[in-house]
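Below is one structure; the comments refer to it alone.
This structure is a prediction, so every number in the text was calculated from the model and none was measured. Reminder, nothing fancy here: chain letters follow the sequence lines and each chain counts from 1.
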Number of protein chains: 2
Amino acid sequence: MASTPDLQPGSAQAVYAALRRRFSDGAYAPGQRLTEMALAADLGVSRTPVREAIGRLLTDGLVVPAARGVAVAALSPIEAEHLFVLRADLEALAAELAARRQAQGHLAPAEVDALDRAVDEVEVAVRAHDPRASAQANLALHRAIGAAAGNTFLEETLHRVWDRIAVTTVANLDDPHWAGAITEQHQAIVRAIRAGDAEAARRAAKAHIEAAGRAYKPLT
Amino acid sequence: MASTPDLQPGSAQAVYAALRRRFSDGAYAPGQRLTEMALAADLGVSRTPVREAIGRLLTDGLVVPAARGVAVAALSPIEAEHLFVLRADLEALAAELAARRQAQGHLAPAEVDALDRAVDEVEVAVRAHDPRASAQANLALHRAIGAAAGNTFLEETLHRVWDRIAVTTVANLDDPHWAGAITEQHQAIVRAIRAGDAEAARRAAKAHIEAAGRAYKPLT
DNA sequence: TTGACATACTTTGCATGCAATGCATACCGT
DNA sequence: ACGGTATGCATTGCATGCAAAGTATGTCAA
């Protein structure tokens, strides 16, 4: 857990961003306790901004009140299932909207090409059996689709869901069965978006996330 | 804006809850500036917990950074449209899940009956041309459907979306055209849930929110 | 009359201080 | 030896203090 090179004092927002980033990177283990004093020392700021950031993480659901302060939120199997149900629907909507924008010419060709490249990059990382790179490339692709949907609120909601899952996800992408299927599913989504087929895009995205949910195995 | 009868000191969470509640009630006008000093005086606490609460409201998107502190977030027409697109999909999912639970016998009969009663209460309020009661009853019905879906994360996300819309929604339920249609649409959703027809529930809910989006007229 | 500039003030932002709370630990009694 | 209790410590939670930044206002000059 390399300590961040001391944020300059003038940045309470930065503390939250830094913490959020760490969660997104899966830097914290579920159940781990966080003390504001330790974080303050680690980030080189006083307790006040840290305290503020922790408050935000509480409403994000990324941490929960614990005996002494807060603990990194875990994800029970049932919660994980619920989260994936929501995520499947949201990503289905994102793919649908992206396809619709493509059909109406609102999507820049460069953006669509970027999706294809992102699919390739996931495949490369998965083939290389690099779990960390795989997870990162995979997230990048899904983020790109989210952006292509052109709906700020949807995008923000997706980020919340992803971060919530990221806490317990290391990389399940090493499952050979799943590794073989992932590229095909990604291609199906992007192909439908490129074709401007909203219905197909929705179905493909939904099926993909549902498959991901089945492949999901929590960390602990 | 009746000032809250001084929260007992021992409650920073309560400050956030109180503010969140005010937003949900539409107590603040879009663009209105909030100063932490004024809020602190109003709530009878110091600036620190207020500051923390405002930070959370920032991540909620309910307030935005402004010249002097923060201002109540407004909703541009394009943002409103995006929000309703997301909301339509989320409520469609909620109705679908509720219907599925009903089909599997996981939904208590009392809960389904409560939905019918909620529909009636909305109709009564709308017929009485009581905008405030109408909005409240309407929200109660949608909340009940959200709860019936049995998915915490979906429910929480819906609350975020509702609160974000509530800021600018007074009550568009006075539109006679809309008033005539709303009960019918509500009934269609609840009927489908009762029948355990997930697909019909989804379609009905989606259509209902899309209609609500068309009827939506912001405050300013 | 209007525009620009300087000044003062309001307000935020962070750090620290102080009190309260809850847990761990060690000690004592049985 | 075991259980209960008391004490001390780690840590939170809120209030206040101090410095910085940006804004509004008033004044002066053109």
Relative to the ring of A/W178, is the ring of A/H208 parallel (under 30°), tilted (30 to 60°) or perpendicular (over 60°)? parallel
Are the aromatic rings of B/H186 and B/H142 close, with centres under 6.0 Å apart?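 Ring centroids of B/H186 and B/H142 are less than 6.0 Å from each other.
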For atom [atom1] of [X] and atom [atom2] of [N], their distance in whole Å:
| X | N | atom1 | atom2 | answer |
| --- | --- | --- | --- | --- |
| A/R47 | D/dT16 | CZ | C1' | 14 Å |
| B/E36 | D/dC14 | CD | P | 15 Å |
| A/E52 | D/dG13 | CD | P | 14 Å |
| A/I54 | D/dG13 | CD1 | P | 9 Å |
| A/M37 | C/dT16 | CE | P | 13 Å |
| B/L34 | C/dT10 | CG | C1' | 16 Å |
| B/Q13 | D/dC14 | CD | P | 10 Å |
| B/R33 | D/dA24 | CZ | C1' | 11 Å |

Would one find a side-chain N or O of B/R51 under 4.0 angstrom from OP1 or OP2 of C/dC14? yes
Does a nitrogen or oxygen in the side chain of A/T48 sit under 4.0 Å from OP1 or OP2 of C/dC14?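 No, no such contact exists.
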One thing to verify: whether A/R160 and A/D60 come together as a salt bridge, which I'm taking to mean a side-chain N less than 4.0 angstrom from a carboxylate O. yes
Checking the side chain of A/H106 only, and the main-chain atoms of A/Q102 only, is there a donor and an acceptor separated by less than 3.5 Å?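 Here the side-chain-to-backbone pair does not exist.
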State whether the distance check finds a donor on one side and an acceptor on the other, under 3.5 Å, for side chain A/T35 versus base D/dT12. no
